[in-house]
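Reviewing the structure listed below.
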Amino acid sequence: MSLFIQSDDESYRNTQGSQHQLILSPPKERSKAPNITFDSSTNQITHLSEIFQSLSSISNHAIVNIKSNGIIISSNYNSILSTSINIDSSLFIIYNLTGEEQNLKFGIDLNLINECFLSVINTLKFEKNVKCVIKYQGSGYPLVIEFEDLYISEKLEFYTYYVNEDEDEDEEDISIDYANLQMEIILKSDILYNLLQDLNQISTENLFIYISKNESNPKLHFISQGIIGNSKLIFPNDKLTMEKYKIFKTDKFDFENYIISKFTYSNFFKILKSVKMSNKCKLIKDIHGCLSIQLLCKNNNNNENSSTYNGSLITINMMELNYDDDKFMINWILNDEIEEDKVPEINDEPLINTFRREPSPLLDVERSIYEESSKKRKNTKVGGAVEIPLFL
Amino acid sequence: MKLKLTIKDTEKLKDSLQLISSARKFVVLKFTPKELCIISINDQVINQEPQIWIKFPADSLFESIEVQSLRENTISMELNIDLLLQTLKNFKKANSEGLNIRLQRTDTSGQQGVNSKNGRTASLALFYSNMNINSNTLNHTFRIPVKILRENQNLLQEPYHSQNSLIMRLPREFVTMFKRLEKFKKASGNDIVTIRASRTGNGFLGFILQEENKFRVTISWNNRLEVHKSTNNEPESVRETLKNINSSQMESSEEESVDEVQLTLKLNHWQQASKIVGGCEIVILYINDNECSFHCLFDDTGEVEILYFVNGIRVIT
């Protein structure tokens, strides 16, 4: 769990940096000669390929930042969604960064790199032992990626874009204000992955995330608004699937007992591939409306290297939408949540979670089975089928 | 003109046809008493597009064959390869014995205009019979419209290399090379690949692709390749070449021949060979500065020969 960003980016780097055998040669006093070189080699091609796949599903263009303790690849989609992937240097067998500056930054076209990794993955069944070498010699040089196995050597030189360091600082990146957090939830990624797919299948247009501020009764609900109507998907709140559920008291005058965030689902869905490859997911939201999804990806494909490799960290930050115009929808969500908490009673109006309030005590037994066994599936679509005989 | 034959080994015919079926819709069948050639060319621009030749020796493919014509007992016809393949598949399903083929004049009475429009004046009739569960004999007849080629028969010349080439036998694993190259087909419209081959050291075969301001890629074969020089310009059969390679008698040939070649061609043309290279048992690559070709033997028996011939393109620099 130590890989998750604890308080801010900086402290993370400090804790990690000491573990690596970094070979830093003293700066060479050579005139105008390329004084920065980066040299690395790995056999974890499947893992790298997955990383590039999840990145390219968000944007075609990315900025690579090679640091002494790992590679950070970041990209941005329309300034509403930004990702950064932290590949730890322990993924590589060889990881050498030499030169005066210990920081290399350049832009790349992701699409083709992704294609190249994919084509190598597709030929892995013929030859398993493929070595991948990544090299870079500094500004103006191409990024060199080499694949080598018993039969084929493939040397790819990708032209890189120059990234102005200062310019990047000015650019207001979507970032989390760690001093003013609203909430922090750690959950299992596979369930989130299934949930995202379900939301996609019911053609969700707008996604509302409802989080209860009552820590003793954790509630993480995904409410879908789409052409076929509204549905509520309830994330199971037991300790196994939801490891951490923390609400921060931010404002004395904040009397609301819930946090609701609204997203356009087509944008939110872009995180799917990243979620798929991850094991654990941390959701953080600050008071400015920025949601950060941090995904810890263990390398599941090869156990050889797992002892030293902690896993890659994908961080996706996105800004929530303003929901001032969705008063009706918000009321509907809030009403529904209140109804859910109420003592069971008969109500004429069928609400979306009516099936949980069966008046018959006989059926109550069935209800408890629902609670225990199939929490994930406890969405409103299922409820509709159950409630029919009750109202006949 | 008369054509009457019975096919012995339809499987081999079907499987080798499947390797080339995606290349073009129409193929030319050239029957002679000695062999059957199946030729896939673009007759408008023969030299600008790949040519594929499959050669079956008559005695291994046919039970019996009768070919009579005024042109040295050769009959060439053009037909739809999918129809032929479908018939061969139906024949296999019927579990019958002996597929008979006859060339028939299309019945022109009354509907003359219909067939002469596209020049399909004759049809190739394929028939076989099988027994159903009630021991009744069922006769099947399929007629595939064909165009008899008379005038341009001379255009159908088996391509050969105009100059000395390097020759190498490609290992089975080489098919992965096509998979690695495949991604560049969609990457850009500028789909040109430069192939470099050399006889020095362990032998070298590499592919260079580039797009300005985007990427530059070199993919090369890592494993040992035995690269030889060709002995003469005469087209020789794959079997002869194999024999020559194995006895490595070619090494002692004349000194003026090349040690290194470089050929630029359309990536698409190269990639179209992937099915053939993947499906054949023995593959030999001939390459020189102007053209390259794959000479393949379909299986261990070495009866079916497949030739895939591509001309390079001139790059204006």
Side-chain angles (χ1 to χ4, degrees), chain A residues 41 43 45-46 48-49 52-53 56 60-62 64 106-137 139-163, chain B residues 168-198 200-227 267-268 270-271 274-275 277-279 283 285:
Chain A
S41 155
N43 51 12
I45 292 161
T46 316
L48 281 174
S49 169
F52 283 113
Q53 275 178 62
S56 68
N60 272 343
H61 182 253
V64 179
F106 52 90
I108 47 162
D109 191 326
L110 274 177
N111 237 352
L112 198 68
I113 295 182
N114 182 31
E115 291 272 353
C116 291
F117 270 95
L118 272 179
S119 81
V120 175
I121 295 298
N122 290 338
T123 52
L124 272 187
K125 56 176 180 276
F126 300 98
E127 175 57 42
K128 292 215 160 46
N129 204 0
V130 185
K131 196 174 93 176
C132 173
V133 174
I134 302 174
K135 285 191 237 169
Y136 184 64
Q137 280 188 291
S139 193
Y141 287 88
L143 173 72
V144 179
I145 301 180
E146 287 176 29
F147 297 103
E148 191 164 335
D149 61 34
L150 192 58
Y151 300 110
I152 296 176
S153 333
E154 183 169 348
K155 185 182 178 187
L156 306 125
E157 291 170 42
F158 298 102
Y159 293 94
T160 53
Y161 306 95
Y162 175 70
V163 179
Chain B
M168 59 201 90
R169 184 173 165 181
L170 301 178
R172 290 235 74 165
E173 295 83 6
F174 192 81
V175 76
T176 55
M177 184 64 88
F178 287 93
K179 289 189 201 293
R180 289 284 183 90
L181 288 167
E182 189 68 22
K183 58 182 173 274
F184 298 104
K185 258 171 77 178
K186 46 191 166 183
S188 64
N190 182 20
D191 54 347
I192 285 170
V193 59
T194 301
I195 304 175
R196 270 202 199 126
S198 151
T200 50
N202 271 344
F204 177 83
L205 183 65
F207 301 80
I208 300 147
L209 298 108
Q210 54 189 326
E211 191 178 332
E212 217 166 301
N213 296 328
K214 248 187 153 173
F215 64 86
R216 184 191 150 87
V217 177
T218 316
I219 309 180
S220 55
W221 191 248
N222 237 348
N223 218 359
R224 194 178 154 73
L225 276 176
E226 273 188 47
V227 184
L267 180 61
N268 223 2
W270 173 269
Q271 288 297 97
S274 77
K275 225 174 164 184
V277 173
V283 181
L285 173 71

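Quick caveat, the model's predicted, so the values are computed rather than measured. Every chain is numbered from 1, with letters handed out A, B, ... down the list of sequences. Values below: every heavy atom of this structure, side chains too, minus hydrogens, waters and symmetry copies.
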| Part of A:Val144 within contact of chain B (heavy atom distance under 4.5 Å) | neither

| ring pair (Phe, Tyr, Trp, His ring centres under 6.0 Å) partners for A:Tyr159, two or more places apart | none

| request: Would you mind reporting whether B:Lys179 and A:Thr123 have side-chain heavy atoms less than 4.5 Å apart? | output: yes

| query | Distance from A:Ile152 atom CD1 to B:Phe174 atom CZ, nearest 0.5 Å? | reply | 7.5 Å

| field | Gap between atom SG of A:Cys116 and atom CZ of B:Phe184 - 0.5 Å precision | value | 4.5 Å

| note | Output for pair (A:Lys155 NZ, B:Ile208 CD1), nearest 0.5 Å, gives 11.0 Å

| What's the spacing between B:Lys183 NZ and A:Leu156 CG if we round to 0.5 Å? | 6.0 Å

| message | Nearest 0.5 Å, please: how far is CG in B:Leu181 from CD in A:Glu154? | response | 8.0 Å

